[in-house]
Amino acid sequence: MSIILVGVSSCDTRFKAEAVLSQYVADLNRSQFLSVSSPTIVMPDSLPSSRHRQQNLTQFDIGLLDFLSLQQCDVGIVAGRKNSILGKVMPDSQRFLYELDIIRAIESCDIKNESLSEELHKIAQQKRLELPMAFGNALFNGAESEVFFSLSNGFLPLNYSTSEQQELLDSLNRLVVVGENLANLPVIDPSIFEGDLKILMDSEYAGRLLYSLARISSYLDLVASEVSLLDGNICGAPMIYLKQQFEAHYVKVIQPYIGRINSGAYQVLPLLNKLFELGEPLSRDMQTFSQQFSLKEASSEWQRYQFVSQYHAKQWSALFAKCSISIGGKS
């Protein structure tokens, strides 16, 4: 966890939601009965560095490529990647596609020498066992994942709509299909696979969602804690003012925004969590990071956000009940 101070620029669209939340607190604080503290907030864990999220795979064996070529095995594009392998510049996404190709090449090669054939198939078997890790590296260790999970991109837009995420959902679904079929050595179009990773990157969704959940939770928790301290003595004119602010800021703006976030997250998070699962075993740091998106783990950022949203609503409802006030109506 890290603590940050957020400065909001009126012209920075990434933080318009911050301005809305901040104004909600500021207007509530105009009441002499409330004093919501300044939101210096603990943020969620950021994406681990590359060396703390990459899983180590069996080292490349250049001799194996040379041997398969001499045996006239169908190595195809695999042998063409030899220079990249030697230079150790192969991105993780390409390494994953290479692993699929080399396994197919070994398993389809008719080698007469029985002991040699057995040894090669042991190599293929080991590579099969490592395919989920290679898949996880491709998804979570590239430049695309750094942008997709970045917390520096700010909030999801205030006017965010699920209609804007269809392309993201399509990409996530295609990646899930790949991950679920690793045992079948799926034949993957590299341009589509790389294109799907780019769609994830361009969406910036996961980092924006995590940032939004954390900031909304922190603001609502601060407000709810203060509201919980109020008693029936506030009923009357002071309560009318607070009701007006609650309706103007929360009911009309923040609550609909939360609803749009929830609608989108309920579509994306099951797929994202499935990809985390298909990429296991993840590194320890990556596993800790991924759990923040869990729909089930009690300690996840999503569950904290759900709990705080309900806590905030319950505290206001209890206060309105004390003063016999109904939202949208008169006391």
Side-chain angles (χ1 to χ4, degrees), residues 50 53-145 148 170-201 271-272 274-283 286:
S50 178
R53 66 180 188 266
Q54 186 178 41
Q55 292 289 72
N56 293 324
L57 306 177
T58 302
Q59 292 298 308
F60 290 114
D61 186 347
I62 301 303
L64 174 61
L65 282 181
D66 291 338
F67 173 79
L68 292 173
S69 296
L70 289 173
Q71 295 294 315
Q72 297 183 330
C73 296
D74 184 20
V75 292
I77 194 172
V78 181
R81 296 177 186 159
K82 182 175 178 180
N83 289 336
S84 294
I85 298 167
L86 285 171
K88 297 181 180 180
V89 295
M90 182 180 283
D92 285 292
S93 57
Q94 291 299 309
R95 173 74 190 264
F96 168 62
L97 299 177
Y98 163 86
E99 293 295 323
L100 289 170
D101 288 341
I102 196 66
I103 294 170
R104 273 192 292 266
I106 293 173
E107 293 183 347
S108 65
C109 192
D110 184 18
I111 299 176
K112 305 302 181 184
N113 186 306
E114 186 175 338
S115 62
L116 186 56
S117 178
E118 182 179 346
E119 184 64 28
L120 284 172
H121 279 81
K122 284 182 180 178
I123 293 173
Q125 186 177 29
Q126 177 61 33
K127 287 184 174 294
R128 275 184 173 273
L129 292 175
E130 292 180 353
L131 270 181
M133 290 192 295
F135 181 60
N137 284 344
L139 294 178
F140 307 127
N141 197 48
E144 297 89 350
S145 65
F148 182 58
D170 290 343
S171 293
L172 290 170
N173 274 301
R174 281 192 293 268
L175 292 171
V176 166
V177 169
V178 169
E180 290 179 331
N181 288 278
L182 293 179
N184 300 322
L185 304 180
V187 177
I188 301 171
D189 184 330
S191 63
I192 293 178
F193 186 72
E194 297 286 356
D196 284 336
L197 295 179
K198 186 177 186 303
I199 287 172
L200 265 62
M201 177 179 70
L271 296 172
L272 182 57
K274 186 63 176 178
L275 289 175
F276 286 134
E277 177 186 328
L278 293 169
E280 293 178 345
L282 301 172
S283 68
M286 192 62 197

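Residue numbers run from 1 in the order of the sequence given.
Between R104 and V187 the shortest side-chain heavy-atom distance falls below 4.5 Å. When side chains are defined from C-beta on, M133 does not count as touching N56, because their heavy atoms never get closer than 4.5 Å. Two residues are said to be in side-chain contact when any heavy atoms from C-beta on lie closer than 4.5 Å; I199 and D170 fail this criterion.
Rounding to the nearest 0.5 Å places CD of E280 at 11.5 Å from CG of L275. Note that the CD atom of E194 and the CD1 atom of I188 stand 10.5 Å from one another [nearest 0.5 Å]. To the nearest 0.5 Å, the span separating CG on L57 from OH on Y98 amounts to 11.0 Å. Here the straight-line distance linking atom CZ of F148 with atom CG of L139 works out to 10.0 Å at 0.5 Å rounding. Interatomic distance, E144 CD to L200 CG, rounded to the nearest 0.5 Å: 9.0 Å. Going from atom CG of L172 over to atom NZ of K274 covers 13.5 Å, rounded to the nearest 0.5 Å.
Across all their heavy atoms, T58 and R95 have their closest contact at O-NH2, 2.7 Å. The minimum heavy-atom distance between E99 and L131, with the atom names listed, is CB-CD2, 4.0 Å. For the residue pair A138 and D92, the shortest heavy atom distance occurs at CB-O, 3.7 Å. Taking both residues in full, the closest heavy atoms of V176 and L271 are given as CG2-O, 3.9 Å, listed atom of the first, atom of the second, then distance. Between I103 and L185, the shortest heavy-atom contact is CG2-CD1, 3.6 Å. For the pair R53 and S283, the tightest heavy-atom approach, listed with the atom from each and the gap, is CA-OG, 3.3 Å.
A distance-only check finds a donor-acceptor pair linking the side chain of Q55 to the backbone of P281 [under 3.5 Å]. Put simply, the side chain of D189 gets close to the backbone of S191: a donor and an acceptor are under 3.5 Å apart.
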Practice item. Determine, stepwise, if the pair K127 / E130 fulfils salt bridge (charged side-chain N to carboxylate O under 4.0 Å, His left out). Key: CA-CA 5 Å; K127 287 184 174 294; E130 292 180 353; 5.6 Å; no
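Of the residues L278, L182, L282, the one that meets the side-chain contact (heavy atoms from CB on, under 4.5 Å) test with P132 is L182.
The list of salt bridge (Lys or Arg N to Asp or Glu O under 4.0 Å) pairs with a residue in residues 172-181, not counting sequence neighbours, reads R174-D196.
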